[in-house]
Participant: 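Sending over a structure as structure tokens; questions will come in a sec.
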Amino acid sequence: MGILSCCFPQLRAVDVIEVTDSVIDTAALQRSLKNPAAGGYCAFEGWVRNENEGHVVERLEYEAYEPLVIVEGEKVLAEARALFPFLDARCVHRVGMLELGECAVWIGVASAHRDEAFKACRFIIDKIKVRLPIWKKEHYANGDSGWVNCERCAAHGIAE
Amino acid sequence: MGILSCCFPQLRAVDVIEVTDSVIDTAALQRSLKNPAAGGYCAFEGWVRNENEGHVVERLEYEAYEPLVIVEGEKVLAEARALFPFLDARCVHRVGMLELGECAVWIGVASAHRDEAFKACRFIIDKIKVRLPIWKKEHYANGDSGWVNCERCAAHGIAE
Amino acid sequence: MKTITVRYFAMFREHAGVSEETLTLNAATVKDVFECTRDRHGSTEPNGHCKVAINDHMADWDTAVSDGDIILLFPPVAGG
Amino acid sequence: MKTITVRYFAMFREHAGVSEETLTLNAATVKDVFECTRDRHGSTEPNGHCKVAINDHMADWDTAVSDGDIILLFPPVAGG
């Protein structure tokens, strides 16, 4: 166990979701999912991109209501674990003002085989986008800004 | 462009597959996929795990025929791009002797939206496992070793 | 009439000009609170696009409100 | 008869005890080369589980071989 506890320092029993106003240290997060029984690891990152629906985007501002992000996020992780049994999953969402290319959300899933890792990771980001109390405001090149409507609203239309 | 070329140093026109006998620097690889038009990034890593089909595994040894890994790998990346248009994808496969927890294969895909990133990443690893001339030998705790049969062979049975 | 503390988030807070206020309302459910405060949060969204919580628990729109409750009004979410 | 260079990989190489050898064979296709060298590479696999290349190009089992070709015999692959 000496060697194992060295190489795999943070074997954890629970899946974790966090909110941060600092740069997300994706390398450290990934290391925390190392597990000698894990054969597959899938990660997703949401990056601030320079365009949305025809607008030139310069920055994104994220706001979250952290207490319920944690509560709802833990529910999402538990649902993912029930559907796609994995070893460990973690999620971090950033808040505040982000520049182009910065990471707004990181999700990592380690599992014995790759299928669960891919499916759980996808499930988690899909749910995070529509269930967690997080909002983003786009700041455009022309000086305007606007709150982004949720994906589900956009997909289902205003009449829903 | 000054700022952009600083933050996004390696905008590339072609998808790349590589073979290495050194530790895969996943953080540097990920940075090389940064792209101001990318809103989603999906990565997969295959890690050496401590068990396979009831055997306690201590190490994995990978062998590759690099010239055709590159040729077939580039075909796989081109097929993925045609099916799931993404911005950039890279893949690195390690060879030689790997210890538990080490990364044997890394795939990263950056795209405007997450759907293409997830689907392309999954497509690429699925094809790599059955099409590229790469072999792995498991070294067991009891001193034995054995070459691993390909996934497709195992799934379809010896009678195929 | 009930005394309810209402907290606004994101675009709702920007429109209301305050993040929180205590109001005396004639409201049976959280949906009533949402409707009564439309001129505050300024939403033209159907409430089905929004979410609501009572005292830090996610609630349905027909959940009853009690005197002293803290109601969180969430505009359409867009994480990730 | 053709003079063919055969390269063995992974378990095939271990069984043959050499990574490459030049053989004189009566072979029309790469499948013939695979069959003729069974006692060398030791495979009990159906050839459909294996892959083959000629002069660094992936080939089908019924591809014709020519004098001087380099045939690569790949056991079942298992990357990732």
Side-chain angles (χ1 to χ4, degrees), chain A residues 3-4 6-9 11 25-31 33-52 56-58 60 87 99-115 117-126 128-129 136 151, chain B residues 3-4 6-9 11 25-31 33-52 56-58 60 87 99-115 117-126 128-129 136 151:
Chain A
I3 291 170
L4 281 189
C6 163
C7 302
F8 306 103
L11 298 183
D25 185 349
T26 59
L29 287 161
Q30 176 184 331
R31 278 194 299 276
L33 292 178
K34 282 280 178 180
N35 184 321
Y41 165 80
C42 182
F44 176 78
E45 298 184 16
W47 293 345
V48 177
R49 71 190 186 101
N50 60 6
E51 188 271 341
N52 190 28
V56 177
V57 174
E58 291 207 323
L60 273 187
L87 292 164
E99 302 297 322
L100 288 189
E102 286 201 281
C103 179
V105 60
W106 172 92
I107 295 155
V109 181
S111 60
H113 301 285
R114 69 185 182 283
D115 192 53
F118 271 104
K119 288 180 177 166
C121 193
R122 180 68 193 258
F123 177 90
I124 292 166
I125 184 61
D126 285 353
I128 280 175
K129 282 181 176 266
K136 66 180 161 197
E151 288 195 348
Chain B
I3 291 171
L4 280 188
C6 164
C7 301
F8 305 103
L11 297 185
D25 185 349
T26 60
L29 287 161
Q30 176 183 332
R31 278 194 300 276
L33 292 178
K34 282 280 181 180
N35 184 320
Y41 166 80
C42 182
F44 176 78
E45 297 183 17
W47 294 344
V48 177
R49 71 192 186 98
N50 60 5
E51 189 269 341
N52 190 30
V56 177
V57 174
E58 291 206 324
L60 273 187
L87 293 165
E99 302 297 321
L100 288 189
E102 285 201 280
C103 179
V105 60
W106 173 91
I107 295 155
V109 181
S111 60
H113 301 286
R114 70 187 181 284
D115 192 52
F118 271 105
K119 287 179 178 168
C121 193
R122 179 67 192 260
F123 177 89
I124 293 165
I125 184 62
D126 286 353
I128 280 175
K129 282 179 176 268
K136 65 182 161 196
E151 288 195 346

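Labels below follow one simple rule: chain letters A, B, ... track the order of the sequence lines, proteins then strands, and each chain is numbered from 1. What you see below is based on every heavy atom in this structure, not just the backbone, and it leaves out hydrogens, waters and symmetry mates. Predicted, not measured: the structure shown is a model, and the values here were computed from it.
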Participant: Using a cut-off of under 4.5 Å for heavy-atom pairs, which of A:Asp115, A:Ile107, A:Ile125 has the most such pairs with chain B?
Facilitator: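 Most heavy-atom pairs within the cutoff with chain B belong to A:Asp115.
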Participant: Before we go on, tell me: are the rings of B:Phe118 and A:Phe44 under 6.0 Å apart, centre to centre?
Facilitator: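 Yes; A:Phe44 has its ring centre under 6.0 Å from that of B:Phe118.
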Participant: Roughly how far, to the nearest 0.5 Å, is the CG atom of A:Asn35 from the CG atom of B:Leu100?
Facilitator: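 Reported value, rounded in 0.5 Å steps: 11.0 Å.
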Participant: Using salt bridge (Lys or Arg N to Asp or Glu O under 4.0 Å) as the criterion, list what pairs up with A:Glu51, not counting sequence neighbours.
Facilitator: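 Scan of A:Glu51 (salt bridge (Lys or Arg N to Asp or Glu O under 4.0 Å), adjacent residues dropped) gives A:Arg49.
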Participant: Output the option from B:Glu99, B:Arg122, B:Gln30 having the highest count of non-hydrogen pairs under 4.5 Å with chain A.
Facilitator: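 Sorted descending by pairs with chain A, the first entry is B:Arg122.
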Participant: Can you say whether B:Ala112 sits under 4.5 Å from chain A via the side chain, the backbone, both, or neither, judging by heavy atoms?
Facilitator: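 Both parts, heavy atoms under 4.5 Å.
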Participant: Chain A: which of B:Ala37, B:Ala110, B:Ala27 shares the most heavy-atom pairs with it under 4.5 Å?
Facilitator: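 Option with the greatest count: B:Ala37.
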Participant: For B:Asp25, what residues pass the salt bridge (Lys or Arg N to Asp or Glu O under 4.0 Å) criterion, not counting sequence neighbours?
Facilitator: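 By the salt bridge (Lys or Arg N to Asp or Glu O under 4.0 Å) rule, B:Asp25 matches no residue at all.
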Participant: Between B:Asn52 and chain A, which part of the residue has a heavy atom less than 4.5 Å away: side chain, backbone, both or neither?
Facilitator: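 Neither part; nothing is under 4.5 Å.
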Participant: Supply the atom-to-atom distance B:Lys129 NZ to A:Arg114 CZ, rounded to the nearest 0.5 angstrom.
Facilitator: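 The NZ atom of B:Lys129 sits 5.0 Å away from the CZ atom of A:Arg114.
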Participant: I need the minimum non-hydrogen distance between B:Trp47 and A:Ala38, along with the two atoms involved.
Facilitator: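 It is CB-O, 3.5 Å.
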Participant: Quick one: which of B:Gly46, B:Ala117, B:Gly40 has the most heavy-atom pairs under 4.5 Å with chain A, could you say?
Facilitator: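 Result: the option with the highest number of such pairs is B:Gly40.
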